[in-house]
Participant: 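Take a look at the following structure, please.
The structure presented is a predicted model; accordingly, all values stated were derived computationally and were not measured. So you know, we letter chains A, B, ... as the sequences are listed, proteins then strands, and number each from 1.
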Amino acid sequence: MASAQSQEDQVLEEETSFVRILTLNRPRQLNALSAQMISRLLELFQRYETDSNVKLLILKGKGRAFCAGGDVAAVVRGINEGAKFFSKEFILNYLMATYTKPQVSILNGIVMGGGAGVSIHGRFRVATENSVFAMPETALGLFPDIGASYFLSRLPGFFGEYVGLTGARLDGAEMRACGLATHFVPSSRLALLEEALYKVNSSDPAVISAVIDKFSLEPYLKDHSAYHWMDVIDKCFSRRTVEEILSALESESTNRADAWISDAIQSLKKASPTSLKISLRSIREGRLQGVGQCLIREYRMVCHVMMGEVSKDFFEGCRAILLDKDKNPKWKPSKLELVNDNMVDQYFSKINDDRWEDIKLPARSNLPATAIAKL
Amino acid sequence: MDRAIHRTIIIKNHLLQPNSDQILTTNACLSYSPPELNEVYDFDLKEMRKLLDGHNLQEQDWLFNLMVQSKLFNPRKRGEKVYVAPDYNQTMEQQREMTMKRISYLLERGVFEGWLTAKGAEAELRKLALLEVTGIFDHSLAIKIGVHFFLWGGAIQFFGTQRHHEKWLRDTENYVVLGCFAMTELGHGSNVRGIETVTTYDANTGEFIINTPCESAQKYWIGGAANHATHTIVFSQLEINGKNQGVHAFICQIRDAAGNICPNIRIADCGHKIGLNGVDNGRIWFDNVRIPRENLLNSVADVSPDGQYLSSIKDPDQRFAAFMAPLTSGRVIIAGSSVYKAKIGLAIAIRYSLSRRAFSITPNGPEVLLLDYPSHQRRLLPLLAKSYAASCAANYLKMMYVNRTPQSNKTIHVVSSAFKAILTWHNMRTLQECREACGGQGLKTENRVGHLKGEFDVQLTFEGDNNVLMQQVSKALLAEYLAAQKRNRPLQGLGLEHMNKPCPVIPSQLTSSILRTTQFQMDAFCLRERDLLSRFVMKVSQHQAEGQSKDYALMLSYQLAEDLGRAFSDRAMLQTFIDTEATISSGSLKNVLGLLRSLYALTCLEEDAAFLRYGYLSTDNASAVRNEVQKLCSEIRPHALALVSSFGIPDAFLGPIAFDWIDANAWSSVQ
């Protein structure tokens, strides 16, 4: 059992004179974030921030995944435990987003959900030909959380809506093209890259970027990548409502037979209608907010999801995808048109209940300009 | 000579100073500290924004999203942040083309869906909410859209009948036709009834013939005419069988679909302006332009095929009034949009004042944050309070407009005139103060506040010159008063009911707690209004008794008319603030609204000389008010950031000085 593994073992720590290397170490669970891992990462990040010997952090995953997400199955087992889990995870996301020292995440494998949360907020994200990125929450009855409404909304045009609503999988080249990754390094050169980074004795982003640049290349987008159809994505995913997005996609699909469009339509039809609507609203609000506001709002949303007063889709999603694995969730409400604005509003409202207090993000000060801009 | 020696000694001391190292060590570099880190939020910003914006917030956010994510809106990176604003360094022609491109983009995204074809208050509110957002990006964009939908489209809706609606509304909504609105002439602006364009009817062909008889009759300032519009509404005198039937509106094509100017039409540019250069204002001359009989917008009057003039309203005065009534929408929109502009200015200036320091008051102490100077608070916070009052007023006006009935037309006319004038004046004053409060940074176009002055100055003039509007308000109040007197009935409507009650008494000792009551504030405002109204009535009748005509008597009484117009507007606005406050249950939000309302009311008392001139306040009262204003400023100071954050204007629509201005100006961002 993974839980038998001690906290230290789940996150391996190595160090050189000025660099700390953290490795997520639950390879059999694709490095899914457990509560212990989150606590450990939080503790280490806090310690490194005040340690003047630490100039640079590297985060990577053991095995074929960087990190496949939060350990959702564990979350569902205990609701109030769940809120605590999310709260710690979001605080870690906030700390990373406003960190004073550069973080390099090596995304040589699966990066999903919570895995994106512990990497994309950091300064440098290195993709490889093995990278697989996705925010699959809408298929699970949840919504892209962990501050995703901040970073998805800042992708070019309305690509963030596409990625966040459909849960589309992106490869390393697509991650680089849309900006989720800052660099693309072939996995064969990763060892050399890490070796070069170990020698870094500066926190200057320009210096670190220059080091990674030496191993980077501009990858080719595959021919059928959705990214080639940004104009269509913009046209469809900029529509005001999920229903309009879906019908815009459907009318596009009559003119063209691209696989990505039919995949997108299929994904939207399979996802939880409630999830789709709150996800779209979340991304749209997130685009106009700082990362802290995004996390506070998302935390409220998570609490509403866990309380299940409007919809219990999250539990149904976990049952169908993670526990029973019948992959046939019965969403309720079952259709987009049954989810009205008032129901969506409720996910964004403040909860007057001690058990679901607003998240308190730690006060940050002396931030570099990169972090200030995110506030 | 002494001076030279003195300076030599100083220089010598510098050079011989043993610890010159120490002396020359520089202060630690200034670093930007985001106000968010030091200020507290005492109330829910989202709740406050809901209160201020009133409706369609998601819709507004969607439109913000559309603009932020498109290259067409000229995103520029300054430091780590991205801002959107038009490139005002482009030529006038380029700016106009960009405005059109932005409109096409918004059209394609479905922003204008239902703007003319959907019915009901809800659809109207959605339209107004979206238009306000376009104006937050750029006034030219909002005006270009406004002319097309509200002036051209509105004229067809309101002056036209079914045949016009069917033919034009959908095509207008889809920009198949591009409309403009030719009312103003070189020789006549506010006085629409004096325009000189003449239209006659030819019964043989069933056509109207439009003419510009002289240079002063050329249509002037016609937004959209210089480059893009294909059609226009023409306002013209209608002469039937040699008899002038007064001003009427016609539809006239001015360009073909390819953009060529139609025969018998001449168009020239109005040229470069102090702002709004993204709008192609033009001038139009009509040389015997023939249009079909059906192009007369015939909701009020018509001409039969054989050339008979038909109207259900026989009195030309009433006919003209019926014609003009629908144009109120323009004033409603301007009043609303001017509040948003003041908000942009305040959000920028107050955010800057919470991150910029100047002078220390103790030796070696840190420099003082601008907004911690009471004088700086006094400059900005009363304007902030008034902007909150103005939001309430604009919302009230908007709701009254979208729920209008034939009975409410008069009230809408008077209140929209009053609020349009007061709110646009407030906007210009606010922008000027904010510009100065930002110092040199306020002069940079990218920081918006200074530039917005030029962009929005026109609001004081279009849809009725502010001074003329204020006179109309006073004139309307006079008419109400006289009518009530004549019929020996109490006053009713326009909020004048207070005049039927006994005159309020202002306590001789004004304590802080009295000053902050709505009772006292309302009493003071009502006292001023009722007294000024009776003085105005008296003055006018005095002049009339001396043998002057009524119009001349009104003209001579302009001083009281101005004071009265302001008194009415301020009182009406305070009432909307009080009403809004009453919708909130007690708590921190209500408390801060109370402070703002008091600051707004007391600043009015402090600033309008009428209170002292006519003795509504004693000099002791006046100094008590002044002290309280200062106290209120210091109590609102801790909420300043929360109050401007509640405006809901996304960061990208403010300027670099509102955020990390050091990073935005760093050498690294030059390269």
Participant: Report yes if some heavy atom in the side chain of B/Asp663 is under 4.5 Å from a heavy atom in the side chain of A/Thr370; otherwise report no.
Facilitator: no

Participant: What I'd like to find out is whether the side chain of B/Asp61 reaches to under 4.5 Å of the side chain of A/Glu285, using heavy atoms alone.
Facilitator: yes

Participant: Using non-hydrogen atoms and a 4.5 Å limit, figure out which bit of B/Lys71 sits close to chain A: side chain, backbone, both or neither.
Facilitator: neither

Participant: Counting only heavy atoms closer than 4.5 Å, note whether B/Glu108 contacts chain A via side chain, backbone, both or neither.
Facilitator: both

Participant: Are A/Arg240 and B/Asn65 packed together at the side-chain level, in the sense that at least one heavy-atom pair is separated by less than 4.5 angstrom?
Facilitator: no

Participant: Could you tell me whether B/Glu122 atom CD has more than 12 heavy atoms of other residues or ligands within 6.0 Å of it?
Facilitator: no

Participant: To the nearest 0.5 Å, how far apart are CZ in A/Arg364 and CD in B/Glu36?
Facilitator: 15.0 Å

Participant: Measure the spacing between CD1 of B/Ile649 and CG of A/Leu288 and express it to the nearest 0.5 Å.
Facilitator: 12.0 Å

Participant: Go through it in stages, so that I can follow the logic: the residues are B/Gln58 and A/Asp345, the test is side-chain contact (heavy atoms from CB on, under 4.5 Å), and I'd like the CA-CA distance, side-chain angles, deciding distance and then a yes or no.
Facilitator: CA-CA 10 Å; B/Gln58 265 93 53; A/Asp345 284 344; 4.1 Å; yes

Participant: Are side-chain heavy atoms of B/Gln69 and A/Glu161 found at a separation under 4.5 Å?
Facilitator: no

Participant: Do you know which of A/Arg154, A/Glu244, A/Arg281, A/Gln289 has the most heavy-atom pairs with chain B at a distance under 4.5 angstrom?
Facilitator: A/Arg281

Participant: Relative to chain B, which segment of A/Asp234 carries a heavy atom at a distance below 4.5 Å: side chain, backbone, both, or neither?
Facilitator: both

Participant: Which answer fits A/Pro368, side chain, backbone, both or neither, if we ask what part of it has an atom under 4.5 Å from a heavy atom of chain B?
Facilitator: neither

Participant: Evaluate B/Lys46 against A/Phe348 for side-chain contact (heavy atoms from CB on, under 4.5 Å), listing each step before the verdict.
Facilitator: CA-CA 10 Å; B/Lys46 226 172 159 180; A/Phe348 295 78; 3.6 Å; yes

Participant: Does any backbone or side-chain atom of B/Tyr105 lie under 4.5 Å from a heavy atom of chain A? Answer side chain, backbone, both or neither.
Facilitator: side chain

Participant: Could you list the residues that satisfy side chain to side chain donor-acceptor pair (under 3.5 Å) with B/Ser31, not counting sequence neighbours?
Facilitator: none

Participant: CG/B/Leu37 to CD1/A/Ile372 distance, rounded to the nearest 0.5 angstrom?
Facilitator: 7.5 Å

Participant: Below 4.5 Å from any heavy atom of chain A, which atoms of B/Phe659 appear? Answer side chain, backbone, both or neither.
Facilitator: neither

Participant: Hey, is CZ on B/Arg170 packed in by over 12 heavy atoms from elsewhere, all under 6.0 Å?
Facilitator: no

Participant: Heavy-atom count check: over 12 atoms from other residues, nucleotides or ligands less than 6.0 Å from A/Asp353 CG?
Facilitator: yes

Participant: Verify, without hydrogens or angle tests, whether B/Trp62 (side chain) and A/Thr241 (backbone) share a donor-acceptor contact under 3.5 angstrom.
Facilitator: no

Participant: Identify which part of A/Ala369 has an atom lying under 4.5 Å from any heavy atom of chain B, answering side chain, backbone, both or neither.
Facilitator: both

Participant: If you count heavy atoms of other groups shown closer than 6.0 angstrom to NZ of A/Lys350, is the number above 12?
Facilitator: no

Participant: What's the spacing between B/Leu66 CG and A/Arg284 CZ if we round to 0.5 Å?
Facilitator: 7.0 Å

Participant: Taking side chain as C-beta onward, heavy atoms only, is A/Lys235 less than 4.5 Å from B/Arg109?
Facilitator: yes

Participant: Check B/Glu113 with A/Arg239, please: is the shortest side-chain N to carboxylate O separation under 4.0 Å?
Facilitator: yes

